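The structure under discussion appears below in the form of structure tokens.
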Amino acid sequence: METFIQQLINGLTVGSLYALVALGYTMVYGVMKLINFAHGDLVAFSAYVGLTIFTQFYGSNALTLVNIVIVFSLTSIVVAFMGVLLERLAYRPLRTAPRLSAVVSALGASLVIQNGIMLIWGPNMEIFPSDIFPSTTWNFGGVLISYTQFVILALSAFLMVSLYLFINKTKIGTAIRATAIDQDAAKLMGINVNRIVMIIFIVGSMLGAIGGLFIGVYYRGLTFDMGWMYGLNAFIAAIIGGIGSIPGAMLGGLLLGLFNAMISGYISTEWAETFTFILLIIILIVRPAGLLGHNVAEKV
Amino acid sequence: MVNNEVLLSIKDLEVGYGGIAAIKGISLKVLKGEIVTILGANGAGKTTTLQTISGLLKSSAGTIIFDKNDITKCEAHDIVSLGMSHSPEGRRVFGTLSVEENLMMGAYTLKNHDKETLEWIYDILPRLKEREKQIAGTLSGGEQQMLAIGRAIMSKPKLLILDEPSLGLAPILIKAIFKAIKEISLSGVTVLLVEQNAKAALKLADRAYVLEVGKITHEGTAEELLNSTTIQEAYLGKKH
Ligand SMILES: Nc1ncnc2c1ncn2[C@@H]1O[C@H](COP(=O)(O)OP(=O)(O)O)[C@@H](O)[C@H]1O
Ligand SMILES: [Mg+2]
């Protein structure tokens with residue numbers, strides 16, 4: 001029972017990371033019908049940017065809560081800017097081109113960002129400091145929750161609830177959903193589709209940036225090509241939940257995290273990845289559009 | 001209601017799809033307060049014309065002046081703010097949004113949607129009120145058409161463009177739709193209507209243009225066209 005609850009906590013933590021990153025894939029796909037393969041690399045980039053800013057603060061004084069908030073905000077802004085730039089340079093010129101051209105452009109952008117990271121920070125592993133959050137660990141009858149896990153869980157939950165409210169309860173959020181359904185009809189409502197796409201890239205990149213920072217804080221080792229690994233898992237999470245569906249990405253991320261943790265806890269860590277793909281295949285057989293996805297809406 | 005002020009004026013418009021001409025130099029005018037209808041067989045270029053007016057398609061030649069603005073090169077979303085609203089062919093309601101949310105999107109360009117317009121829409125299209133919270137994709141075809149029209153007038157347009165609002169609807173619903181269009185027109189909105197249902201459209205309209213393979217072949221008051229033998233044979237199904 002303890003193992004179960006422990007793996008539940010660990011799984012939810014990792015699942016939150018996947019969910020934050022998965023949201024970026026799913027939001028871009030929802031509006032542009034494009035898999036933004038460079039998203040994972042933006043996430044990696046954010047971990048490096050965060051690390052660099054953290055290091056600046058180390059010289060003078062220890063990390064305070066204010067410093068941490070500054071690092072998170074600055075990193076999100078830098079990464080959001082990169083996301084917008086990515087869309088302008090790699091995707092907007094291909095908006096009306098065949099989808100395959102955009103996919104190739106996405107893969108190219110991914111390589112450019114990866115190599116950019118390698119040029120700036122080098123090919124060797126960089127290590128995130130271990131004391132960004134206090135090393136406090138709470139022990140509830142044998143189940144351990146670290147301060148870091150608590151922050152990840154709480155902030156992720158907050159961000160996901162905020163995103164849900166933004167998308168479902170605001171005018172801009174409704175316009176985003178409308179644009180995802182039918183771009184031309186959205187234009188006829190007076191919606192500036194380019195602006196909606198920009199908002200999508202800002203929000204998706206910011207969530208990915210927070211995800212990247214959490215990956216740094218939680219796993220600590222950073223490599224220039226880490227975006228592929230985390231990106232792939234988050235992408236799978238988005239597909240499990242139903243690509244294009246925002247609640248789907250949240251659910252898919254959490255489920256995948258939990259599933260991985262249970263496999264690691266009860267079977268073995270080495271098998272986690274294999275089982276991830278088995279899970280993906282089963283879900284795609286049973287529900288081809290993912291858990292919360294609906295088959296591409298027929299236009300009535 | 002109709003005065004002599006020109007609201008929409010199109011001159012020598014040409015539009016093509018990848019080099020294939022669909023509209024081959026048409027000119028037309030819509031005066032403030034009028035109901036003008038464009039008739040024509042399938043593939044004549046009616047939808048292409050409307051999409052070019054509202055900015056979804058770009059013309060290769062010609063000019064479009066709307067309410068004294070040259071909108072030939074304007075983006076579709078900017079044209080909406082100038083006071084034009086286009087309810088597209090096939091309704092195109094946002095299927096996974098509720099009826100209410102669809103209507104809110106119609107008022108996207110306004111700072112606040114005003115309650116009066118909404119009440120008025122619910123008044124002339126009462127079915128929408130009953131289904132306010134329902135997901136648009138689950139409405140019947142006729143209800144979706146009502147929603148598409150309601151959504152288009154939420155922005156309080158000067159010009160309402162309707163592309164085949166009666167397409168695929170039962171006669172009783174067509175009647176309701178045409179009645180709503182009449183009421184919208186009486187409230188002071190200018191209407192540009194494309195229809196396959198030529199007889200009903202001519203009965204409603206002040207003036208009409210007939211489009212054949214990208215060219216305007218006839219124009220005149222609705223009455224003139226209703227009484228013209230060529231039009232009767234080609235579009236009203238009467239034999240002489
Ligand atoms: N997306 C498109 N690509 C290529 N040709 C098109 C496209 N849409 C319409 N056309 C062609 O343009 C002509 C006019 O079509 P359209 O404007 O839809 O006619 P209507 O609305 O009068 O039925 C037709 O010959 C049609 O085949
Ligand atoms: Mg048509």
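Everything numeric here is computed off the predicted structure, so don't read it as measured data. Here is how names work: the chains are called A, B, and so on, in the same order as the sequence lines, proteins then strands, and each is numbered from 1. What you see below is based on every heavy atom in this structure, not just the backbone, and it leaves out hydrogens, waters and symmetry mates.
- Heavy-atom distances place no part of S81(B) under 4.5 Å from chain A, backbone and side chain included.
- Between chain A and the residues M104(B), E75(B), R151(B), the most heavy-atom pairs under 4.5 angstrom are made by R151(B).
- Heavy atoms of A107(B) lying under 4.5 Å from chain A belong exclusively to its backbone.
- Looking at K24(B) and E14(B), no side-chain N of the basic residue comes within less than 4.0 Å of a carboxylate O on the acidic one, giving no salt bridge.
- When each of A186(A), A178(A), A185(A) is checked for heavy-atom pairs under 4.5 Å with chain B, A178(A) comes out on top.
- For Y25(A), the ring pair (Phe, Tyr, Trp, His ring centres under 6.0 Å) test picks out H39(A), F235(A), with sequence neighbours left out.
- Counting heavy atoms from C-beta on, the side chains of E143(B) and R91(B) never come closer than 4.5 Å.
- With a threshold of 4.5 angstrom between heavy atoms, I161(B) does not approach chain A through any atom at all.
- At least one test fails for R127(B) against the ring of Y122(B): distance under 6.0 Å to the centre or angle within 45° of the axis.
- Within a 6.0 Å radius of NZ in K179(B), other residues, nucleotides and ligands contribute 12 heavy atoms or fewer.
- If you measure heavy-atom distances from N194(A) to chain B, you find no contacts under 4.5 Å at all.
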